[in-house]
Amino acid sequence: MAGFDDLASERSKAQFDVEEMKVIWAGSRHTLEVSDRISRLVANDPVFRKDTRTMLSRKDLFKNTLRKAAHAWKRIIELRLSEEEAAELRFYVDEPAFMDLHWGMFIPTIKGQGTEEQQQKWLPLAYKMKIIGCYAQTELGHGSNVQGLETTATFDPQTDEFIIHSPTLTSSKWWPGGLGKVSTHAVVYGRLIIDSKDYGVNGFIVQLRSLDDHLPLPGITIGDIGMKFGSGAYNTMDNGVLRFDHVRIPRDQMLMRVSQVTREGKLVQSNVPWQLVYGTMVYVRQKIVSDASCALSRAVCIATRYSAVRRQFGLQSNGIETQVIDYKTQQSRLFPLLASAYAFRFVGEWLKWLYMDVNQRLQASDFSTLPEAHACTAGLKSLTTSATADGIEECRKLCGGHGYLCSSGLPELFAVYIPACTYEGDNIVLLLQVARFLIKTVSQLGSGKEPVGTTVYMGRVEQLMQCHCAVQKGFLELSADLVQAAVAHCQLIVVSKFIEKLQQDIPGKGVKGQLEALCNIYALFILHKHLGDFLSTGCITPKQASLANAQLRSLYSQVRPNAIALVDAFNYTDHYLSSVLGRYDGNVYPKLYEEAWKDPLNDSVVPDGYQEYIQPILKQQLRNARL
Ligand SMILES: CCCCCCCCCC/C=C\CCCCCCCCCC(=O)SCCNC(=O)CCNC(=O)[C@H](O)C(C)(C)COP(=O)(O)OP(=O)(O)OC[C@H]1O[C@@H](n2cnc3c(N)ncnc32)[C@H](O)[C@@H]1OP(=O)(O)O
Ligand SMILES: Cc1cc2nc3c(=O)[nH]c(=O)nc-3n(C[C@H](O)[C@H](O)[C@H](O)COP(=O)(O)OP(=O)(O)OC[C@H]3O[C@@H](n4cnc5c(N)ncnc54)[C@H](O)[C@@H]3O)c2cc1C
């Protein structure tokens, strides 16, 4: 079989130990073992099939999502899976659902912003799934501007309660995942009001639905906000709308690690920075960076395997056409994405360490690295999600027409992924946060502090910042330029962390050599993409730019024989890839043909509606012709 032989031949060319690269990609032998075992568990369970998703109605799609979530939970209990294994199971089930927000936001918020007593009360309920929570911050009128939220939480000293209320239409909670149909509770962000004084935004635990009949509690109006982009995609998630009509909660349901309200209605600030109220967003942003490397690697795996199977033009002496992966244009589009997937994987590993380090410091009341953690998580979330969304679309185009079929897996992957550029912080708004951090850093440079990083990339950031700061105009006036400097800063971090990864012990024949090539491809590709910055800031000369481009082309030739092995190292099952084009065996054409006939439109030879609407036209034309 053509495709199968092509991939088998490609795999025989590998110049490095793929099994060792699998360990590097997974992070450790243990993580690889868990990931491999759980991915196969999911792939072999018929309940977790994904091929019907785009053909179901919204209600059937959502019911099936609930069925999968219940089955996942049952398997977690039956098999006594650890939280690590359960998270892997959620990853390979590969379907946005309320569980993401319950485990990924509701629980971390209580852990990060609740007192010890509040954690002891609420976490056991949440861990045992006796309650299901969501993160209700965004409103119809405000998402980026958290300090602009309108929901109120007014303290009533008479009854020792907070009154939660939606004073305007725009104060309706809007978007929270899991809110629309499933969650029984929410962490609700609202304005703390005591004696008519507004003390800004805090988090409050509010029960939304009865634990008996799941009906909304008194004063609660709640529902789904409607269909979103694509047919399957994120429509497995019940993003919801929620309004409060003077709903009362006990005082002890305000999350009080950052600020406390006493029985007398006095606000007491604890010794932690108020920004901890934003702490969950930092946590999720660092997870989103890891998710970006997964989504991009998935698209690159599909496009790389297909590029090795697809032959077009270029008849060779043996009468066979040329593999499209051999075209330099295909390589110049595909290999930087392959390098980016590895780069984002390693910067995601570092960011996870940074987040854990910040949290350990917080335990010791050391808040010194919180600003850097915010800037890094915000900036890298923005950079990696934008590059990944664009990269998935590029992979679709790299697969030609077949990339546009749902059976390629790429349209669905794109539709599910692209909200990552918006949720957890609009990417431009987050880059502006990085710009603010850079301005502060540059202003401190006079105090003898030296920036660290690779010379050319560091010089680009410094020069971009100096130019902008030197102009001494207002932040808003310069914001479009400052975003450019923020991107440069984040790209510096990605390159630096890739270089640091290469300085670690990397076992396996040829593994380090391949990673060095990918690191150089990423660095030179970004340099080429932003050549104007590097030249205008004098970081490199035109001659150096030309040499860099030549080196990039040479690196593509170095990666070419290893491309299939480099994507095999992601160790994705065909079930997870869910792509006829990205099959491990390369058996593309027979499977494409087979998939086509599964479409419901082919259930009947003559389609519904033909006799009713089209045949009369033809008959009328025939009658006219005889007249
Ligand atoms: C056993 C079973 C297990 C089953 C397994 C399941 C496992 C599942 C795991 C899944 C894990 C994760 C899921 C990943 C997928 C996620 C799915 C989608 C989720 C989407 C959720 C959301 O979208 S939630 C809402 C997000 N909203 C935002 O991000 C809002 C963006 N806006 C802001 O962040 C802020 O408003 C702002 C930063 C833009 C502005 O802040 P502000 O208005 O306060 O003004 P300033 O800019 O002046 O900031 C004031 C100072 O505060 C500092 N700051 C700001 N933000 C932070 C922060 N986050 N942390 C720390 N510090 C911050 C800022 O720097 C200023 O400081 P100074 O300069 O010193 O004054
Ligand atoms: C799929 C999905 C899931 C979500 N899940 C949740 C959830 O579980 N919980 C939750 O609370 N929220 C959730 N959200 C909401 C999400 O967090 C917000 O949509 C996001 O924070 C962006 O805010 P916004 O929608 O108000 O956009 P806006 O901020 O209104 O952005 C609109 C445009 O204005 C620009 N803009 C805004 N402010 C500035 C500025 N200061 N300077 C320059 N440009 C600016 C933006 O760049 C953008 O181009 C979800 C959203 C999506 C799409």
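In this chain, residues are counted from 1 in sequence order. In listed order, ligands and their atoms are each counted from 1.
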Nearest heavy atom to [atom] wins, so pick from [options].
atom                    : options                        : result
atom 15 (C) of ligand 1 : Ile77, Val358, Asp291          : Asp291
atom 47 (O) of ligand 1 : Gln137, His102, Gln433, Lys440 : Gln433
atom 31 (C) of ligand 1 : Ala86, Ser144, Ala69           : Ser144
atom 16 (C) of ligand 1 : Val284, Val434, Thr280         : Val284

Quick one: which ligand 1 atoms are inside 4.0 Å of a heavy atom on [X]?
X      : value
Gly104 : 10 (C), 11 (C)
Gln147 : 43 (O), 44 (O)
Lys287 : 11 (C), 12 (C)

### Task
Take the angle between the ring planes of Phe162 and Phe204 and call it parallel below 30°, perpendicular above 60°, tilted in between.
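Perpendicular, since the angle between the ring planes exceeds 60°.
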
### Query
Can you say whether the rings of Tyr572 and Tyr576 are parallel (under 30°), tilted (30 to 60°) or perpendicular (over 60°)?
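Rings of Tyr572 and Tyr576: tilted, 30 to 60°.
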
### Min N/O separation Glu424 to ligand 1 under 3.5 Å
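Yes, at least one N or O pair falls under 3.5 Å.
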
Which atoms of ligand 2 have any heavy atom of [X] under 4.0 Å away?
X      : result
Pro419 : 1 (C)
Thr138 : 10 (C), 11 (O), 12 (N), 13 (C), 15 (C), 16 (C), 17 (O)
Gln137 : 11 (O)

### Query
Is Trp174 close to ligand 2, meaning an N/O of one under 3.5 Å from an N/O of the other?
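Between Trp174 and ligand 2 (N or O atoms, distance only) the closest approach is not under 3.5 Å.
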
### Message
Between ligand 2 and Leu432, is the shortest N or O to N or O distance under 3.5 Å?
### Response
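Leu432 vs ligand 2: no N/O contact under 3.5 Å.
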
### Task
Answer side chain, backbone, both or neither: which part of Lys381 comes under 4.0 Å from ligand 1, heavy atoms only.
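The answer is neither; Lys381 stays 4.0 Å or more away.
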
### Task
Determine whether the side chain, the backbone, both or neither of Val429 has a heavy atom under 4.0 Å from any heavy atom of ligand 1.
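Only the side chain of Val429 comes within reach of ligand 1.
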
### Query
Mind checking whether Leu217 and Gln207 have side chains closer than 4.5 Å, heavy atoms only?
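Yes; the side chains approach each other to less than 4.5 Å.
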
### Query
What protein heavy atom sits nearest atom 17 (C) of ligand 1, and how far away is it?
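For this ligand atom, the closest protein heavy atom is Tyr234 OH, 3.7 Å.
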
### Task
Heavy-atom distances under 4.0 Å are what count here, so tell me which part of Leu101 touches ligand 2: side chain, backbone, both or neither.
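The part of Leu101 near ligand 2 is the side chain, not the backbone.
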
